[in-house]
Each structure stands twice: as structure tokens, then as C-alpha cells.
Amino acid sequence: MNELYLRYKSVSVFADTAARISPLAELTVCVGAEQRLALAARVFRDVAESGCDNTGGWIKSLIQTDDNFFSRAVAKGERVSDKIKAQVKSELLTFKQLSLIKPDDFTTDENRAFFPNFGFGGFSVNFDVLSVFYAVNGCGWAARGSVFTYRDGRFDLAEYDGLRLSDLKDYDEEKSELVRNTQNFISGLPAFHTMLYGDPGTGKSATVRALANEYKTGLKIIEIGKNDIKRLPDIISAISGLKQKFILFADGVAAEEDMISDADKSALERALDGAHDNYLVYCTSDAVNNDGVPKSDPNGAPALFDRFGLVITYLNPDREKFAFILKQILRSRGIKWRDEYFSVAELATVKRGAGSPHAAKQIADLIEYNYAERMGG
């Protein structure tokens with residue numbers, strides 16, 4: 001055990017991971033009965049909170065999100081020296097040996113009944129597998145998943161609840177434009193920063209969010225809070241050089257020059273004008289005129305959305321299309337269409353003030369709970 005502890009103390013590349021698993025390592029040299037119990041309890045808690053079944057899975061998850069000079073180099077496609085490779089392989093061996101420490105190594109007749117029985121083993125990482133992981137997923141926070149929010153200087157893991165493009169009824173042409181642009185971006189073909197603008201509730205934001213579930217392995221989305229648009233340069237700096245593809249998603253941006261703060265405008269312009277091999281900016285903006293077209297700057301300067309290479313317009317559907325969207329939503333829920341539903345829809349639309357797809361979903365909820373007849377019923 002003493003030799004393993006010395007190997008642990010020599011860990012330098014994955015220093016952050018080593019610090020996180022210190023309770024497990026300290027068990028190997030601890031001699032006090034009370035301290036052993038306290039350390040084992042911490043290991044049990046940390047393994048459980050990580051969502052893993054054993055110490056090997058816990059350590060693996062920490063290594064995969066460890067931000068260090070080795071993981072950053074691999075994530076950026078840079079060469080790694082033989083000396084660093086050797087050190088990484090040595091440290092992975094140390095972590096594997098630590099994962100094999102088991103509760104039985106420390107139990108006695110006195111504490112056997114209540115000694116924390118943490119799971120052990122299960123460490124399945126080698127140098128080649130880890131290198132491929134970093135190359136595909138990135139390192140540090142970026143390796144934790146594919147969807148993030150950026151708030152107050154932090155990248156937090158997020159999820160879009162399984163939303164798919166097929167769940168968004170109609171607007172096929174608009175969706176196709178965004179999908180084509182995104183596929184080109186992932187494939188390394190010419191692609192453009194994109195503004196989705198138009199009437200509220202037409203699915204602009206949902207279309208962008210659905211992309212995360214369509215391209216889980218080829219794309220990462222960072223949704224930026226309205227108060228953090230000015231920090232776009234910081235976000236771009238954080239992903240600079242990474243091989244992974246990022247959509248920087250700003251929802252609800254004011255498209256008019258005179259309605260956006262100077263700090264936000266400057267940050268957006270820098271992001272739109274800069275080199276962007278690994279990122280695109282996708283923004284949504286609600287139209288301010290009844291015809292769905294944002295106003296121009298009163299002084300004649302081009303509106304902010306004119307700086308985007310691709311602009312996709314989302315307008316409220318006409319009466320016929322609105323009925324079609326509502327029928328699709330009800331059909332997807334297994335509800336038979338009845339002609340009187342449209343009268344319900346028209347009345348509800350008047351009360352809600354718009355005939356958008358979002359309104360159609362709300363009306364479908366109303367029909368489902370109050371009037372619906374199930375198919376096959």
C-alpha cells in the first residue's frame with residue numbers, strides 16, 4: 001500500500017483528479033480506525049454522487065473531464081511528447097490500482113457490520129481510448145456533454161428534454177435551411193452565422209434546441225443568457241483551438257441597432273466578424289412590426305441582423321396552415337379530429353392574440369383535457 005500511495009503522490013498530469021480522489025488514496029496509509037471510517041464514508045458518498053457504481057467509473061469520469069495540458073493538447077489536435085505519454089500511462093496505471101482498493105481491505109470484526117461498502121474496480125481507461133475521447137468530446141467542461149448554458153462566467157451542463165425536429169410541426173422549409181447550414185458546418189463545408197427572426201411562438205428557439213438532439217456526437221450547443229451576450233469574446237476564447245464544433249446560441253436578441261446595448265452589439269460584431277472554424281453564432285429575434293420584418297435603424301444604418309450570413313424568417317401561419325398544424329399535433333397524441341375543434345381553436349386564438357404554433361400546442365392541450373376523443377376509442 002505504501003508504494004501505491006507514493007505513486008499517487010507523484011501524479012502530475014491529472015493533478016485535479018488526484019485531489020478529488022484523495023480520500024481513497026489516504027485509505028491506503030491511514031492507521032486510525034475512526035479516520036478510516038470517515039475516509040471510507042467520503043469515498044462511498046463521492047462515488048454515489050457521481051452516479052457511478054464503483055470507484056473505477058468515478059475515477060474515469062473525473063479523468064474524462066480533467067482540464068490539463070495533456071487533455072487540452074489532444075482536444076486541439078496537437079502533438080504530445082513521448083515523455084508526457086509515458087507519464088500519462090503511468091498515472092493511468094496508478095488510478096487503476098487505486099480503483100481496486102476494496103472495503104474488505106479495511107474491515108475488522110469490530111466494524112464489519114457498518115463499514116461503508118463502496119463499489120470498487122471497473123476502471124476501463126487506457127491511453128489510446130482516452131486520447132480518442134478527448135479528440136471527439138473535448139476536455140474539461142466541454143467533455144461533460146453536448147448542451148451547455150453560459151451564465152455568469154460558468155458553463156453548466158444542460159438538456160433539451162429529447163426535443164426533435166420532427167416534433168415541430170410545419171415550417172419545413174425554414175427547418176431545412178437551418179439543418180443544411182448546420183450539416184455543412186459539422187462537415188467542414190461553408191456555413192453561416194444565422195439569425196432566426198419573426199413572430200413570437202413560431203418555433204425559432206425550439207428549432208435550434210432540437211439540433212442538439214439530432215447531432216449529439218458532432219455538435220455542441222452553448223446557450224448564452226441575455227445578460228451574458230457581452231461575454232461572447234470570453235466564450236470564444238474558452239473554445240479557441242478545440243476541434244469540436246460549437247453553436248453559440250443567443251435567444252431573444254434585439255435585432256435593431258437602437259435596441260441593443262453597445263456592449264452586446266460590440267461583442268456580437270466581434271463574434272460575427274472573427275475567424276470561426278469551430279463555432280457559429282445562431283440568434284433568435286422576435287419581429288417588431290406586424291408584417292414580421294424588423295425595423296431598420298432610424299438613421300439608415302443597417303440593422304444588426306444584416307450582419308448574419310443567413311437570415312431565416314418565421315411568420316405566423318394563415319388560417320388554413322394553423323388548422324393543419326393543430327391537426328398534426330392532435331394526431332401525434334392519438335386524438336381524432338372533429339370539425340368543432342376548429343371553432344374552439346378560433347375562439348382560443350382570439351383570446352390569446354396570435355395563431356402561432358406555440359398557441360396551437362396550447363390549444364391542443366385545451367382540447368385534449370376537455371373535448372378529446374381518442375383514436376380507436
Side-chain angles (χ1 to χ4, degrees), residues 14-21 45-68 70-72 74-76 95 122-125 129-165 167 182 185-186 205-252 271 278-284:
F14 296 99
D16 287 346
T17 295
R20 296 282 297 276
I21 67 167
R45 181 194 65 198
D46 290 344
V47 171
E49 287 183 345
S50 73
C52 299
D53 295 327
N54 49 51
T55 53
W58 170 45
I59 298 171
K60 176 182 177 180
S61 68
L62 294 174
I63 288 173
Q64 288 177 330
T65 55
D66 198 310
D67 190 353
N68 57 65
F70 166 68
S71 62
R72 286 193 299 272
V74 177
K76 293 181 178 181
F95 289 132
F123 188 79
S124 58
V125 181
V129 169
L130 187 60
S131 296
V132 170
F133 178 86
Y134 290 145
V136 172
N137 298 284
C139 62
W141 62 268
R144 295 173 58 202
S146 59
V147 182
F148 302 88
T149 57
Y150 183 86
R151 303 287 188 278
D152 301 322
R154 289 185 41 156
F155 296 95
D156 292 318
L157 192 63
E159 192 173 337
Y160 287 148
D161 298 326
L163 180 67
R164 305 301 293 261
L165 289 170
D167 298 326
T182 304
F185 174 52
I186 294 172
S205 304
T207 303
V208 178
R209 291 177 179 135
L211 293 174
N213 295 316
E214 301 290 343
Y215 303 102
K216 281 184 175 293
T217 59
L219 186 70
K220 295 179 185 289
I221 294 182
I222 303 173
E223 185 165 339
I224 305 161
K226 291 182 180 180
N227 295 328
D228 290 297
I229 293 175
K230 58 183 175 292
R231 303 187 70 170
L232 264 170
D234 296 333
I235 299 173
I236 293 170
S237 177
I239 64 175
S240 177
L242 295 178
K243 294 167 58 180
Q244 294 71 46
K245 302 288 188 178
F246 295 85
I247 296 295
L248 309 184
F249 174 39
D251 189 23
N278 73 333
Y279 78 86
L280 286 179
V281 177
Y282 283 5
C283 293
T284 67

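Residue numbers start at 1 and run along the sequence shown.
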Compare every heavy atom of Gly218 with every heavy atom of Ile186, then report the nearest pair and how far apart it is. CG1-O, 3.7 Å

Counting only N and O atoms by type, is there a donor-acceptor contact under 3.5 Å from the side chain of Lys220 to the main-chain atoms of Ala142? yes

Close side-chain approach of Phe70 to Leu130, heavy-atom, < 4.5 Å: yes

Arg72, CZ atom: more than 12 neighbouring heavy atoms under 6.0 Å: yes

So Ile236 and Phe246, do their side chains get closer than 4.5 Å, heavy atoms only? no

Closest contact, heavy atoms only, Gly138 versus Ala75: CA-CB, 3.9 Å

Within the 4.5 Å heavy-atom criterion, are Asp251 and Arg209 side-chain neighbours or not? yes

In Å and rounded to the nearest 0.5 Å, what is the CD1 to CG distance from Ile222 to Leu248? 5.5 Å

Backbone N or O of Asp152 within a donor-acceptor pair of the Asp228 side chain at under 3.5 Å? yes

Here the gap from Ser146 atom OG to Asn213 atom CG, rounded to the nearest 0.5 Å, amounts to 7.5 Å

Go through the steps for Phe14 and Leu62 under the test side chain to side chain contact (heavy atoms under 4.5 Å, CB included), then give the verdict. CA-CA 9 Å; Phe14 296 99; Leu62 294 174; over 6 Å; no

For residues Ser124 and Lys60, report the shortest heavy-atom separation together with the two atoms involved. OG-NZ, 3.6 Å

Approximate separation, where rounding is to 0.5 Å, of Ile229 CD1 and Cys283 SG: 6.5 Å

Under the 3.5 angstrom rule, does the side chain of Gln64 hit a backbone N or O of Phe133 as a donor-acceptor pair? no

Please give me the minimum heavy-atom distance between Leu157 and Gly145, naming the atom from each residue. CD1-CA, 3.7 Å

Between Tyr279 (side chain only) and Ala271 (backbone N and O only), is there a donor and an acceptor less than 3.5 Å apart? yes

Exercise: identify the closest heavy-atom pair between Arg151 and Ile224: NH1-C, 3.6 Å

Phe123 vs Asn54, side chain to side chain contact (heavy atoms under 4.5 Å, CB included): CA-CA, chis, key distance, verdict: CA-CA 9 Å; Phe123 188 79; Asn54 49 51; over 6 Å; no

Rounded to the nearest 0.5 Å, how far apart are CD of Glu223 and CD1 of Ile247? 12.5 Å

Would you call the rings of Trp141 and Phe148 parallel, tilted or perpendicular if under 30° counts as parallel and over 60° as perpendicular? perpendicular

Is there a donor-acceptor pair under 3.5 Å between the side chain of Gln244 and the backbone N or O of Ala135? yes

Give a yes or no answer on whether the side chain of Asn278 reaches the backbone of Ile239 with a donor-acceptor pair at less than 3.5 Å. yes

So, taking the atom named CG in Asn137 and the one named CZ in Arg144, what distance separates them when rounded to the nearest 0.5 Å? 13.0 Å

Residue pair Asp16, Asn68: steps toward the side chain to side chain contact (heavy atoms under 4.5 Å, CB included) verdict: CA-CA 8 Å; Asp16 287 346; Asn68 57 65; over 6 Å; no

Looking at CD1 of Ile221 and OH of Tyr282, how far apart are the two atoms once the value is rounded to the nearest 0.5 Å? 8.5 Å

Of the non-hydrogen atoms in Tyr150 and Arg231, which two are nearest, and what is the gap between them? OH-NE, 3.6 Å

Polar side-chain atom of Asp66 near backbone of Thr17 as donor-acceptor pair, under 3.5 Å: yes

